Every structure is written in structure tokens, then in C-alpha cells.
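Remember, it's a predicted structure, so these values are computed and weren't measured experimentally.
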Amino acid sequence: MITIKLIKDSDFEVTVKLKSTTQHEVHVSNDFYKSLTDGKVSHESLIKASFEFLLERESNNSILSQFDLEVISQYFPEYEKEIKKRLKP
């Protein structure tokens, strides 16, 4: 289960409850948000899809506790293309 709470501006707290519970602070810049979504889905939907993407590849304990959403591409080059595909209506 993934829950997302706005902290302030572009910063979100993400809680992932699986075998263990982890918390993550995630920053989403407006430019990156718009490049992935064209503003057609919420920040929360983008973050949820991003965490689902990550959880398919690693455990929640392996996900950084604090990071900028853009950094995912450094670990998984297919991230941006895959997220755009997942978020299409």
C-alpha cells in the first residue's frame, strides 16, 4: 500500500506498507512533472506510478529515504518512457 501526503510545495511524504513500512520524502520539480504528465494527472498519481515502478524492481527498504523524482532515471534509464506510457489515459 502506498500513501502520499503533500508536505509543502513540491515535497511529498510517501509511506510504503508491505512486509515492512518505509517512509520517503520525495521532491517533484514542476518542469519534470510537466515533462512526464503534460499536467494531465496529479502529482500524487505520478508519484504513485513511480513508486509502483520502483517496487517492481526493488524492495521498499532499498528505495532512498529522500530523493528528487528525477533521480530514478539515473538508476533505471527506462523510467521516463515507462511512466509516460503508464500515465496515458
Side-chain angles (χ1 to χ4, degrees):
M1 180 178 177
I2 302 168
T3 56
I4 302 157
K5 185 172 81 176
L6 175 65
I7 297 172
K8 180 182 165 199
D9 300 326
S10 300
D11 296 323
F12 297 82
E13 179 184 274
V14 181
T15 303
V16 181
K17 292 182 182 177
L18 295 171
K19 289 180 184 175
S20 63
T21 299
T22 56
Q23 283 196 315
H24 312 269
E25 191 172 314
V26 180
H27 176 80
V28 185
S29 73
N30 268 344
D31 288 342
F32 191 65
Y33 164 74
K34 287 180 182 167
S35 76
L36 291 182
T37 68
D38 290 327
K40 294 181 179 168
V41 300
S42 68
H43 283 76
E44 289 83 357
S45 294
L46 170 60
I47 293 168
K48 185 172 193 271
S50 298
F51 268 78
E52 288 169 347
F53 171 90
L54 287 172
L55 291 167
E56 290 167 6
R57 290 157 177 78
E58 60 186 351
S59 73
N60 58 323
N61 292 311
S62 298
I63 298 172
L64 297 170
S65 60
Q66 192 172 8
F67 64 97
D68 190 305
L69 209 60
E70 288 183 62
V71 83
I72 297 173
S73 296
Q74 293 175 14
Y75 296 94
F76 303 103
E78 72 277 18
Y79 165 69
E80 290 183 37
K81 184 178 178 184
E82 179 67 24
I83 286 300
K84 285 179 183 179
K85 189 165 64 172
R86 291 182 188 206
L87 293 175
K88 277 190 178 174

Self-check item: Residue pair Leu46, Leu69: steps toward the side-chain contact (heavy atoms from CB on, under 4.5 Å) verdict
Solution: CA-CA 10 Å; Leu46 170 60; Leu69 209 60; 3.8 Å; yes

Distance-only donor-acceptor hits, side chain of residues 61-68, under 3.5 Å, sequence neighbours excluded:
unit_1, atom_1, unit_2, atom_2, d
Asn61, OD1, Ser20, OG, 3.1
Asn61, ND2, Ser20, OG, 3.1
Ser62, OG, Ser59, OG, 3.2
Asp68, OD1, Glu70, N, 3.1

Quiz prompt | Where at least one partner belongs to residues 42-53, residue pairs that pass salt bridge (charged side-chain N to carboxylate O under 4.0 Å, His left out), sequence neighbours excluded | solution = Lys48-Glu52

Quiz item: Taking side chain as C-beta onward, heavy atoms only, is Glu56 less than 4.5 Å from Leu54?
Solution: no

Practice problem: State which residues pass side-chain hydrogen bond (donor to acceptor under 3.5 Å, both in side chains) with Ser45; sequence neighbours excluded, sorted by chain then number. | Solution: Ser42

Self-check item: Separation of Lys88 NZ from Thr37 OG1 (nearest 0.5 Å)
Solution: 13.0 Å

Quiz item: With sequence neighbours excluded, what pairs up with Asp38 under the side chain to side chain contact (heavy atoms under 4.5 Å, CB included) test?
Solution: Lys40

Quiz prompt | Arg57: side-chain hydrogen bond (donor to acceptor under 3.5 Å, both in side chains) partners, not counting sequence neighbours | solution = Glu78

Quiz item: Could you give the distance from NE2 (His27) to CD1 (Ile7), rounded to the nearest 0.5 Å?
Solution: 11.5 Å

Quiz item: Residues two or more places apart in sequence or in another chain: which of them pass side-chain hydrogen bond (donor to acceptor under 3.5 Å, both in side chains) with Glu82?
Solution: Arg86

Practice problem: Mind checking the CG-CD spacing from Asn60 to Glu58? Nearest 0.5 Å is all I need. | Solution: 9.5 Å

Exercise. Please name all residues satisfying side chain to side chain contact (heavy atoms under 4.5 Å, CB included) with Val14, sequence neighbours left out, ordered by chain then number.
Key: Ile2, Ile4, Val16, His24, Val26, Ile47, Phe51

Quiz prompt | Heavy-atom closest pair, residues Ser10 and Asn30 | solution = OG-OD1, 4.5 Å

Self-check item: Listed partners of Phe53 passing ring pair (Phe, Tyr, Trp, His ring centres under 6.0 Å), at least two apart
Solution: Phe76, Tyr79

Quiz prompt | Under the side-chain hydrogen bond (donor to acceptor under 3.5 Å, both in side chains) test, residues paired with Ser35 that sit two or more places apart | solution = none

Practice problem: Using the salt bridge (charged side-chain N to carboxylate O under 4.0 Å, His left out) rule, collect all pairs that involve residues 7-34, keeping only residues at least two apart or in two chains. | Solution: Lys5-Glu13

